[in-house]
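Letters A, B, ... mirror the listed sequences (proteins, then strands); counts begin at 1.
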Amino acid sequence: MSQELSIEELEKRFQEKIDAEIKIEPNDWMPDDYRKTLIRQISQHAHSEIVGMLPEGNWITRAPSLRRKAVLLAKVQDEAGHGLYLYSAAETLGADREETIDDLHSGKAKYSSIFNYPTLSWADMGTIGWLVDGAAIMNQVPLCRCSYGPYARAMVRVCKEESFHQRQGFEIVTKLAQGTPEQKEMAQDSLNRWWWPSLMMFGPSDADSQHTAQSMKWKIKRNTNDDLRQQFVDITVPQAELIGLTIPDPDLKWNEERQSYDFGEINWDEFNQVIRGNGPCNKKRIEDRRNAKENGKWVREAALAHAEKRKMKKAV
Amino acid sequence: MEEKKALFEYLLRLGDDSLILGQRLSEWCGHGPILEEDIAMTNIALDLIGQATNLFEYASSLGVDKRSADELAFVRYEKDYRNLLLVEQENTDFGYTLARQFLFDAFRKPFFEALSQSSDQQLAAIAEKSLKETKYHLQHSSEWMIRLGDGTDESHERIQQAVNQLWAYTEEIFEQDQIDQQLIQAGIAVDLSVIRASWTKQVQAVFSEAGIDLPQNTWQQKGGRQGKHTEHMGYLLAEMQFMQRAYPQMEW
């Protein structure tokens, strides 16, 4: 039937479906740009999960107790799992997993810039859970209602696990903030380093965001970057106060009129530098991922060769 | 030796095997050859750390001294760790990691089967839980031994090389001393000479399917159970104990 309809008509029907909150499924007609936008966003998201394993993986071997080691292992394993089903969601749109990963390695595809910052102390395991996963949840909860069915469904599961990650992170930081002076200092130092990069996770300011308007019309995105950022600040500031840590922003102030916090200007130069590949760990992160793929080549080849031989044997 | 002290020592040996191998495997996190294997290795590391936790908590509860499970895991000196030399060997590559895992899993499965019959109920319960996990670990490592042995010329050569190198640490698995004897008589510990045949059978079966030759070298290294480790152990502990050493006596 679809061959008989003009592109304009197809687009009109597509938008009507979106407006009526009917999910788009893999075999439905969709505009090329909708498909491209989703592939870009979902694979970026998958890459972020996979690259995000590295800064936390950095502390598994040094976790300070058996329980913390086990929880951190489980958390990083969850992230690998999120990566897997997000790559699968991207595959429903025709994106090949290996090609997508190659785009990450060549620098063509992006991932969340936050993972280009180094994890320098145990407290960073807490702060990442508390702030980074906290910010990720704010970004991701609306994605559970995303117009594209497979992505929306994947996000339901991702969000459940992320909210557990956020709580365990806050628990680590709380424990430190209530601990010895050295532990409290470790927690404050960590907050100082991660606060601003966490605010940058919501992306450029609405005025400068390339994709926001179209993505909102397609209901891939439900809130603007600045709205989500404000929500994050409003939720996080009282949490810091509760455990006696100070947000490193001299301009942070409660605004009675807006019933919201005013906060200082984000350093957009730094944001742009990190996106361009000049953050503290960009090169290391990509190099680690490339090495993993390169060093594992013989293993993947062996698995394929063995599967082939087995098939041949069965055929005989 | 007082039976409680012998049991304490026995628990440390078992706990250290799990802890040190779990520590080694967790080094892979984020660097696996495929995402599915990253998940699998992390999962196995998680099981091993869980086993170590159960064993150290039990050891700590015996009241032989005042150390907590975490203190037992993190603040002993190198010579006080009792793990097999096999489990502290470096990851080197995926082949070495899998060969090490397979040689250990092939031992751990019959070991936990036997230990689940222990007259010590707590130990039997830990063994039963660990056995469920170990069955999966052994299946996973056996399948990979076969894939790598049978796969390509390169993978065959690499896995054979790994097996040849690690073979020197296999005899130690079945070493027994007075502590073992005492606890075997009490019906608590596993007689390793009894389960050895099961290990050999599993190893031979998988090697045969994988086309891996059984190493002929009789050169063997021992000493882990007495705290005489290989040079790798110090670095592993330096990393694992970093927080406890840099910030002593704190809660995390």
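Contacts between residues 20-31 of chain B and chain A, defined by a heavy-atom separation under 4.5 Å, are made by B:Q23, B:S26, B:E27, B:C29, B:G30, B:H31.
Rounding to the nearest 0.5 Å places OH of B:Y247 at 8.0 Å from CD of A:E182. One finds the CG atom of B:L148 at 9.5 Å from the NE2 atom of A:H306 (value rounded to the nearest 0.5 Å). Put simply, CG on B:L46 and CG on A:L73 are 5.5 Å apart, with the number rounded to the nearest 0.5 Å. In this structure, B:E71 CD and A:S65 OG are separated by 12.0 Å, a value rounded to the nearest 0.5 Å. Distance check, rounded to the nearest 0.5 Å: CD of B:E157 to CH2 of A:W298 gives 11.0 Å.
In terms of heavy-atom proximity, B:I49 sits nearest to A:L66 at CG2-O, 3.9 Å. Between B:G32 and A:A292, the shortest heavy-atom distance links the atoms O-CB, 3.8 Å. Between A:G81 and B:I39 the shortest heavy-atom distance is N-CD1, 3.8 Å.
With a 4.5 angstrom heavy-atom cutoff, B:L236 does not touch chain A via any of its atoms. The part of A:A63 that comes within reach of chain B is its backbone (N, CA, C, O), which places non-hydrogen atoms under 4.5 angstrom from that chain. Both the backbone and the side chain of A:L84 have a heavy atom closer than 4.5 Å to some heavy atom of chain B. Only the side chain of A:L54 comes within contact range of chain B, with at least one heavy atom under 4.5 Å from a heavy atom of that chain. Both the backbone and the side chain of B:A45 come within contact range of chain A, each with at least one heavy atom under 4.5 Å from a heavy atom of that chain. At a 4.5 Å heavy-atom cutoff, A:L72 makes no contact with chain B through either its backbone or its side chain. For A:R68, the part lying under 4.5 angstrom from a heavy atom of chain B is the side chain only.
Ring-plane geometry between A:W59 and B:F242 is classed as tilted, the angle between the planes lying from 30 to 60 degrees on a 0 to 90 degree scale.
When the shell of 6.0 Å around CD of A:E98 is examined, it contains more than 12 heavy atoms from other residues, nucleotides or ligands. Under a cut-off of 6.0 angstrom, the local environment of CD in B:E128 is sparse, with at most 12 non-hydrogen atoms contributed by other residues, nucleotides or ligands. The environment of B:Y235 atom OH is sparse: at most 12 non-hydrogen atoms of other residues, nucleotides or ligands sit within 6.0 angstrom. By the neighbour-count criterion of 12 heavy atoms within 6.0 Å, atom NZ of B:K129 is sparsely surrounded, having that number or fewer from other residues, nucleotides or ligands. Counted within 6.0 Å of CD on B:E36, heavy atoms from surrounding residues, nucleotides or ligands total more than 12; the atom is thus considered enclosed.
One N or O on the side chain of A:R300 and one on the backbone of B:P33 form a donor-acceptor pair closer than 3.5 Å. Checked by atom type and distance alone, the side chain of B:E37 never pairs as donor or acceptor with a backbone atom of A:G296 at under 3.5 Å.
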Pair A:V299, B:L98 - check side-chain contact (heavy atoms from CB on, under 4.5 Å), show working. CA-CA 11 Å; A:V299 177; B:L98 254 299; over 6 Å; no
The test is side-chain contact (heavy atoms from CB on, under 4.5 Å); show your working for B:L35 and A:I50 and say whether it passes. CA-CA 9 Å; B:L35 201 43; A:I50 301 307; 3.4 Å; yes
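Side-chain contact between A:N295 and B:F94: absent, with no pair of heavy atoms (C-beta onward) separated by less than 4.5 Å.
Counting heavy-atom pairs closer than 4.5 Å to chain B, the top-ranked of the candidates A:M53, A:K297, A:E301, A:K309 is A:K309. The candidate from A:M186, A:Q183, A:K175, A:E294 with the greatest count of non-hydrogen atom pairs under 4.5 Å with chain B is A:Q183. Put simply, of B:T152, B:D38, B:D153, the one with the most heavy-atom pairs under 4.5 Å next to chain A is B:T152. Your options are B:M240, B:E154, B:R158, and the one with the most heavy-atom pairs under 4.5 Å with chain A is B:R158.
Ion pairing between B:E209 and A:R310 holds under the 4.0 Å rule for side-chain N and carboxylate O. The pair B:E239-A:K69 fails the salt-bridge criterion, with no side-chain N (NZ, NE, NH1 or NH2) lying under 4.0 Å from an Asp/Glu carboxylate O.
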